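Below: one structure, written as structure tokens.
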Amino acid sequence: MTRLSSYFLPTEREPPADAEALSHKLMVRAGLIRQVGAGLWSWLPAGWRVHQQVVQIVREEMDAIGGQEMLMPVLQPADLWRRSGRYAIEELFKLKDRRDADLVLAMTSEEVVTTHVAAAVRSYRDLPLILYHFQTKERDEPRPRAGVLRTREFIMKDSYTFDRDAEGLEVAYQKHVVAYDRMLDRCGLEWYRVEADVGMMGGSAAHEYMAPCPAGENDVVLAPGYAANLEVASAEPQPVKLEPHRDAPETVPTPGMTTIEAVATELNLPAGALLKTFPIVLDGDEMRLVVLRGDHRVNEVKLRTVLGTDFRPAHPDEIGARLGPPGYIGPVGAQMPILLDAGVADGAYVAGANEPDAHLRGVEPGRDFRYERIDIRTVLTGDTINGSAIRIEPAIEVGNIFKLGTRYSLPLGARYLDEAGSEQLIWMGCYGFGPARAAAAAVEQYADEAGISWPRSMAPFDVEIVTLGKEGSEERGFSDRLYSELTEIGLDVLYDDRDSGPGEKFIDAELLGCPLRVTVGRRTLGAGEVEVQIRRGREKTSVLLDDAAEEIAALWRGLP
RNA sequence: CGGGGCGUAGCGCAGCCUGGUUAGCGCGCAAGCUUUGGGUGCUUGAGGUCCCCGGUUCGAAUCCGGGCGCCCCGACCA
């Protein structure tokens, strides 16, 4: 019997002083988690129940697509990571053992799982495989934050698929889409599957599962039939009123006006009627000019993807030497390739003259400078996709699915023999899911003034019984029986048998947020009923004493 | 990596600027009485390396130097 009088659920009246995010405040106050250090958290019993609920959902859905659960170590030899080329990652914890051997604390397990598969798989008959585990991940985060939302140590489900070829990988990927869609639905979360950046480490496709919430660290771009991470999103810009056409660019003095805003104000034009020029230097030291509308911003992730290489903004001295004074640079006359953002419509713009204190008006792309057109700007609220305005919402990434291809099978030698007897590389995918983030997202999405309101599937307990009677009272006797009956039916019940006032019990129950609260007091008992509060919405109803347990269970089954 | 802030009882805070009784308040905790459908009221009590080290001083929570830890904003996030 889970009696609150002897259960470790330390609730707090006030949130920790340093808490900012709602989930951080509430999960600490409700007694679910406690901080150990920066980005290091303990899960207290009720919190761990929540975590385990999510884990079980994920496990069932992974098993449903043929996943095989296993377990790989957190502590791994550095050599594996050197071979895969990931040893240099800054977030990777590195350490030595007593014999001075280099080790790492793994953040994912591609190296290990691929090594096992490479050693054991010989034939196309051994494929495909879906292997997964729940394991602690370690990441030396530059900035842990927001309670359990971004930590240095956390449990993650990571699965890895091994296929004969790209088609097989596509099948495995689609299986994960199905499994993840179901997981997120079963968790009771509001969520989006969005297009994501594939990053610099190869891979051909990636989606992220995002749960919108105020404390989210990512921005999701949404339109009917469209969902993407802001890092990769594309949209039509809002049109802007440009200057009239001129036969040739015309110099206009702009002394001291080195910002878009200053020039736009001086010429009484919208910022979008100007061209912003962003000089970059590629990995090989080549310079490029990125040109976009004055009211738009460069999306460095998109730019990096388009370029296919890393880059950095040019230094002021490089700009001065190759173009003109910073603040007055522009595409006209520039002796280097120009990348023009897709958001720049045809027409006449104002741009820097590459001379001190001067801009050019009437600059027309194509006529006045040659360019390559690419899409590299960050979309803005109000932009459109197929005529519909986009929304941008903060969200937390709770899962991601990623096509790795041969990124790891190549360096780690994961090959097999095909039907023709020739050696082939194994095609891989990797797929992560963070139960802690799913739980925190649920807190964020459904909390109200009184506290947490768990989706049924995640709640630490299904029902909390608040008994108002003293030991030995009629209320107690009934509460005890009700506890047994509900448990018999298969519900998880928390029994608040503490010797405290009713107010305190109600407040704690609503803070913890179990889907149903059953109040057993003299008043309602005398009327032949017990009161049930549905946590979400906080509406109260009554059920008759005679079949209270059945009615409560029926109510519970109907909850989200 | 850049910027800002904090560290005093389990939690939330005051005291520090301007050094000087026994370091204080609210909540919580313990005991007793009281109350019993929304944090009940009263009484009594326990609880402190004032983050650490060093310095200045007759005297340091308070001033100075160094360190550690934590939070927030931005950058970063394979």
Side-chain angles (χ1 to χ4, degrees), chain A residues 8 10-21 24-25 28-29 31 34-41 81 84-92 106-111 137 139-147 149-152 154 158 196-203 206 208 215 217-218 229 231 300-301 304-305 310 312-313 396-397 400 402-405 407-408 411 430 432 434 449-451 466-471 473-476 496 498-511 517-527 529-533 538 540 542:
Chain A
F8 188 52
T11 56
E12 294 290 342
R13 212 168 191 141
E14 298 187 61
D18 51 28
E20 201 80 3
H24 181 184
K25 292 178 182 172
V28 171
R29 282 190 56 210
R34 281 294 183 272
Q35 184 166 20
V36 177
L40 303 172
W41 292 84
W81 290 69
S84 69
R86 292 209 297 173
Y87 189 64
I89 294 175
E90 283 190 38
E91 284 76 24
L92 184 65
M107 38 202 289
T108 54
S109 296
E110 281 85 355
E111 283 80 1
K137 304 298 172 208
R139 290 190 187 181
D140 194 355
E141 287 288 348
R143 183 150 110 78
R145 59 177 292 273
L149 235 34
R150 186 171 202 81
T151 56
R152 291 195 292 177
F154 58 97
D158 42 326
D197 178 37
V198 293
M200 289 293 287
M201 292 302 274
E208 289 164 344
E217 311 187 281
N218 292 91
N229 193 313
E231 289 180 345
E300 299 199 7
V301 174
R304 203 162 276 130
T305 304
D310 206 0
R312 60 170 172 83
I396 185 73
E397 178 187 354
N400 62 71
F402 197 97
K403 287 187 187 175
L404 289 169
R407 165 69 184 81
Y408 292 90
C430 69
E449 348 38 90
V466 171
T467 186
L468 300 181
K470 277 188 163 69
E471 194 73 54
S473 66
E474 191 191 343
E475 297 94 292
R476 269 311 165 93
D496 190 351
R498 293 175 304 171
D499 186 24
S500 12
E504 193 176 344
K505 292 187 177 191
F506 294 147
I507 283 166
D508 273 352
E510 285 167 15
L511 178 59
R517 184 189 80 197
V518 177
T519 308
V520 182
R522 193 189 308 165
R523 211 168 70 190
T524 46
L525 214 52
E529 50 192 29
V530 293
E531 176 194 286
V532 183
Q533 185 210 45
R538 296 167 81 190
K540 295 172 187 168
S542 295

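Within every chain, numbering begins at 1; the chains are lettered A, B, ... in the order of the sequence lines, protein sequences first and strands thereafter. These figures come from a predicted structure and were not determined experimentally.
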If we take the P atom in both G10(B) and G67(B), what is their distance in whole Å?
-> 28 Å
Give R34(A) one of three labels, base, sugar-phosphate or nothing, depending on what nucleic acid heavy atoms sit under 4.0 Å from its own. nothing
Considering only heavy side-chain atoms of D508(A), the closest of C70(B), G39(B), G38(B) is G39(B)
Those residues at least two apart in sequence (or on a different chain) that pass side-chain hydrogen bond (donor to acceptor under 3.5 Å, both in side chains) with K25(A) are none
key: Whole-Å P distance, U8(B) and C50(B)   = 11 Å
Does the base of G37(B) carry an N or O that pairs as donor and acceptor with the side chain of E475(A) under 3.5 Å? no
Original post:
How far does the P atom of G32(B) sit from the matching atom of G59(B), given to the nearest Å?
Top reply: 48 Å
With sequence neighbours left out, the residues meeting side-chain hydrogen bond (donor to acceptor under 3.5 Å, both in side chains) with E91(A) are none
Practice prompt. Just call it for P10(A): base, sugar-phosphate, or nothing, with non-hydrogen atoms closer than 4.0 Å on any strand.
Written response: nothing
Check your understanding: Is there a donor on the side chain of S500(A) or the base of G39(B) sitting less than 3.5 Å from an acceptor on the other?
Key -> no
Could you tell me whether the side chain of K540(A) has a donor or acceptor atom within less than 3.5 Å of a complementary atom in the base of G38(B)?
yes
(Q) Students often get this wrong, so: under 4.0 angstrom with heavy atoms, is A146(A) touching a base, only sugar-phosphate, or nothing? (A) sugar-phosphate
Margin query: With no hydrogens and no angle check, just 3.5 Å: does a side-chain donor-acceptor pair link S84(A) and E111(A)?
Written below: yes
Regarding the side chain of R145(A), the nearest nucleotide among C76(B), G38(B), C73(B) is C73(B)
Notebook entry, point to check: Should R143(A) be listed as having a side-chain N or O under 4.0 Å from OP1 or OP2 of C73(B)?
Noted result: yes
* Just by distance, do the side chain of K505(A) and the backbone of L468(A) share a donor-acceptor pair under 3.5 Å? -> no
By side chain to side chain contact (heavy atoms under 4.5 Å, CB included), T151(A) pairs with (sequence neighbours left out) W41(A), F154(A)
Between the side chain of E141(A) and the main-chain N/O of R143(A), is any donor-acceptor distance below 3.5 Å? no
Note to self: Rounding to an integer number of angstrom, what distance separates C1(B) and A9(B) when you compare their C1' atoms?
What the structure shows: 38 Å
Side-chain contact check for E12(A): nearest option of G37(B), C76(B), C11(B) is C11(B)
With the side chain defined as heavy atoms from C-beta on, D18(A) is closest, among C71(B), G38(B), A75(B), to C71(B)
Sorted by chain and residue number, the side chain to side chain contact (heavy atoms under 4.5 Å, CB included) partners of R13(A) (sequence neighbours excluded) come out as none
Residue set satisfying salt bridge (charged side-chain N to carboxylate O under 4.0 Å, His left out) with E397(A), at least two apart, ordered chain then number -> none
Please write out each protein N/O paired with an N/O of nucleotides 25-30 of chain B under 3.5 Å, distance rounded to 0.1 Å.
residue : atom : partner : partner atom : Å
C27(B)  : O3'  : R13(A)  : NH1          : 3.1
C27(B)  : O2'  : R13(A)  : NH1          : 3.4
G28(B)  : OP1  : R13(A)  : NH1          : 3.4

Ranking R152(A) and D499(A) by the position along RNA chain B of their nearest nucleotide, the one closer to 5' is D499(A)
Between C64(B) and G7(B) - P atom distance, rounded Å | 15 Å
Legend entry - Spacing of the P atoms in C73(B) and C27(B) (rounded, Å): 32 Å
Please write out the pairs of protein N or O atoms and N or O atoms of nucleotides 3-9 of chain B separated by less than 3.5 Å, giving the distance to one decimal.
none

Closest to the side chain of R29(A), out of G39(B), A78(B), G37(B), is G39(B)
Hits for side chain to side chain contact (heavy atoms under 4.5 Å, CB included) against S542(A), two or more places apart or cross-chain, chain-then-number order -> E529(A)
**Whole-angstrom distance between U49(B) and C68(B), as gauged at atom P** = 23 Å
Sorted by chain and residue number, the side chain to side chain contact (heavy atoms under 4.5 Å, CB included) partners of R522(A) (sequence neighbours excluded) come out as E475(A)
Notebook entry, point to check: Given the rule in the side-chain contact (heavy atoms from CB on, under 4.5 Å) test, do E110(A) and R407(A) qualify, once you have shown the distances and angles that lead to the verdict?
Noted result: CA-CA 10 Å; E110(A) 281 85 355; R407(A) 165 69 184 81; over 6 Å; no
Legend entry - Whole-Å P distance, A31(B) and G69(B): 40 Å
By nearest-heavy-atom nucleotide on RNA chain B, the more 5' of L40(A) and V301(A) is L40(A)
Examine G38(B): is either OP1 or OP2 under 4.0 Å from a nitrogen or oxygen in the side chain of Q533(A)? Give yes or no.
no
Taken to the nearest whole Å, CD/E141(A) to C1'/C70(B) is 17 Å
